[in-house]
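Read the structure below first, then the notes.
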Amino acid sequence: MLKIENYSLTLNGTYGQALPVLENINLHIKKGTCLGIAGESGSGKSVMAMSIVGLIPKGSIKSSSGHIYVDGIETTNASEYDLNKIRGKDVGFVFQEPMTAMNPLMKLSEQIGEVVYAHNDSVSSKEVEKIVINSLLRAGFKEPEKFLDSYPHQLSGGMRQRAMMAMALVMDPKLIIADEPTTAIDAELQIQLLKELRKQIDDNGLSMLFISHDLGVLRSISDDIGVLYCGNLVEIGPAKEILNNPKHPYTADLISALPRLVAERKLPKPINGALPSPDSKPSGCVYADRCKNVGKKCWSDRPELKVVGENHLAACWNL
């Protein structure tokens with residue numbers, strides 16, 4: 001359903017410098033499966049997601065290479081007209097910040113209904129209302145009719161996040177791109193939403209790219225997990241294998257940084273240092289300056305993904 005082949009993206013910096021934010025990304029999502037993407041803020045997760053449907057402003061792109069396919073249709077360098085045929089209909093997008101993604105001057109029914117009208121000229125207003133209500137129900141709204149005339153500022157943060165989910169689901173797309181969709185909602189609603197999304201994947205063959213910094217969330221919904229660091233895919237494989245038997249030092253450090261149950265008597269171990277700026281990446285392994293097992297070769301040569309298990313790949317010289 002989604003295939004990214006050797007995709008690299010370099011953006012223009014504030015002072016004209018080249019910012020290589022994505023480097024040689026290779027991944028795919030099969031129909032009816034969910035790929036989770038993990039990594040710290042600044043790793044390039046959202047940029048990769050927006051690149052899939054051409055949401056990166058053209059003026060900010062210095063160069064790009066490689067290919068991105070959605071259900072066999074290439075979206076790299078596609079026209080805005082062709083991309084608009086895909087957005088909303090074939091690909092639903094749940095943005096990270098619903099308050100800034102939603103139009104503050106449009107009622108909830110208008111915002112979600114706009115997606116329906118954009119892909120169906122002959123639908124009546126009554127039909128659109130039924131479709132919108134059904135979509136809100138699927139996203140976890142109780143008595144959605146009460147919120148149809150509400151503006152975004154009249155909804156809680158959790159409701160806005162669910163409204164974004166309803167907007168993404170309204171046209172029954174083949175692929176959902178969810179960028180931190182559970183950040184603004186409480187734990188109970190988070191569980192409900194994840195169950196509903198997983199149900200859509202299992203029952204309706206929906207495919208999903210699910211971005212989150214929360215590995216616990218990714219464990220509950222993902223079939224596979226990819227780990228992104230400084231614009232590089234450093235590990236990818238089956239979710240259980242990644243979380244139970246990580247091969248890349250960065251993945252292992254992310255897992256060690258997770259809060260543990262009190263009964264385990266293990267304190268989380270924060271990762272020392274910070275991500276390098278895109279214009280000052282090491283020439284070798286991008287994780288070299290934070291890795292505990294760094295060697296001489298790690299500083300000079302960039303490792304490539306290699307097979308370390310069944311459908312499990314990692315990029316590390318120490319494997």
Side-chain angles (χ1 to χ4, degrees), residues 1-2 29 31 46-60 68-141 144-145 147-155 159-181 193 196-197 200-201 204-211:
M1 192 56 65
L2 173 69
I29 302 175
K31 182 179 179 181
S46 295
V47 172
M48 183 183 73
M50 291 191 290
S51 298
I52 294 169
V53 285
L55 292 178
I56 304 295
K58 301 295 184 185
S60 66
I68 300 176
Y69 301 92
V70 175
D71 197 21
I73 300 172
E74 185 165 7
T75 61
T76 43
N77 301 317
S79 68
E80 197 69 13
Y81 176 80
D82 289 334
L83 287 170
N84 280 334
K85 290 181 179 179
I86 296 172
R87 295 168 183 160
K89 184 178 181 181
D90 295 322
V91 182
F93 208 117
V94 183
F95 293 94
Q96 189 171 358
E97 296 291 344
M99 191 61 184
T100 55
M102 297 177 76
N103 189 328
L105 302 178
M106 292 178 69
K107 296 177 181 179
L108 187 57
S109 58
E110 296 171 329
Q111 304 222 26
I112 301 175
E114 185 179 43
V115 183
V116 183
Y117 284 120
H119 296 286
N120 194 330
D121 296 330
S122 60
V123 67
S124 69
S125 58
K126 287 186 177 181
E127 289 175 315
V128 171
E129 185 175 302
K130 288 180 181 179
I131 293 170
V132 169
I133 289 172
N134 182 58
S135 183
L136 288 168
L137 284 169
R138 290 165 67 189
F141 271 81
E145 298 87 350
F147 301 97
L148 294 178
D149 291 330
S150 298
Y151 290 94
H153 71 274
Q154 295 174 314
L155 302 173
M159 283 183 173
R160 285 194 293 268
Q161 193 68 63
R162 281 177 280 167
M164 282 295 302
M165 185 63 69
M167 204 179 304
L169 289 169
V170 71
M171 291 300 295
D172 291 319
K174 301 171 183 175
L175 172 69
I176 289 280
I177 300 172
D179 190 357
E180 301 277 9
L193 194 57
E196 174 58 35
L197 288 174
Q200 295 294 325
I201 294 167
N204 300 326
L206 178 72
S207 301
M208 182 174 294
L209 179 70
F210 194 103
I211 295 170

Do you know the tightest heavy-atom contact between [X] and [Y]?
| X | Y | answer |
| --- | --- | --- |
| Pro181 | Val94 | CB-CG1, 3.9 Å |
| Met171 | Val115 | CG-CG1, 3.8 Å |
| His119 | Asn84 | CE1-O, 3.2 Å |
| Ala78 | Glu74 | CB-O, 4.0 Å |
| Leu169 | Pro173 | O-CD, 3.9 Å |
| Phe141 | Met159 | CZ-O, 3.4 Å |

Separation between [atom1] of [X] and [atom2] of [Y], rounded to the nearest 0.5 Å:
| X | Y | atom1 | atom2 | value |
| --- | --- | --- | --- | --- |
| Tyr151 | Glu110 | OH | CD | 6.5 Å |
| Ile73 | Asp82 | CD1 | CG | 8.5 Å |
| Glu97 | Ser46 | CD | OG | 9.5 Å |
| Leu83 | Thr76 | CG | OG1 | 9.5 Å |
| Ile29 | Ile177 | CD1 | CD1 | 8.0 Å |
| Met164 | Ile112 | CE | CD1 | 9.5 Å |

Backbone N or O of [Y] within a donor-acceptor pair of the [X] side chain at under 3.5 Å?
| X | Y | answer |
| --- | --- | --- |
| Arg160 | Pro98 | no |
| Ser135 | Ile131 | no |
| Glu180 | Gln96 | no |
| Thr75 | Ile52 | yes |

Item checked: Counterpart residues, side-chain contact (heavy atoms from CB on, under 4.5 Å), relative to Met50 (two or more places apart) -> Leu55, Ile56, Phe93
For the residue pair [X] and [Y], establish whether any side-chain heavy-atom pair is separated by less than 4.5 Å.
| X | Y | value |
| --- | --- | --- |
| Gln200 | Met208 | no |
| Leu108 | Leu148 | no |
| Gln111 | Pro152 | yes |
| Ile68 | Leu2 | yes |

Next item on the list: Output yes when Arg87 and Glu80 qualify as a salt bridge under the 4.0 Å nitrogen-oxygen rule, no when they do not.
Entry: yes
Note to self: I'd like to know whether Lys174 forms a side chain to side chain contact (heavy atoms under 4.5 Å, CB included) with Lys89, so could you lay out the CA-CA distance, the side-chain angles of the two residues, the decisive distance to 0.1 Å, and finally the verdict.
What the structure shows: CA-CA 8 Å; Lys174 301 171 183 175; Lys89 184 178 181 181; over 6 Å; no
Check: Does atom CD of Glu114 have more than 12 heavy-atom neighbours, drawn from other residues, nucleotides or ligands, at distances under 6.0 Å?
Finding: no
Margin query: Pair Val116, Glu127 - check side chain to side chain contact (heavy atoms under 4.5 Å, CB included), show working.
Written below: CA-CA 10 Å; Val116 183; Glu127 289 175 315; over 6 Å; no
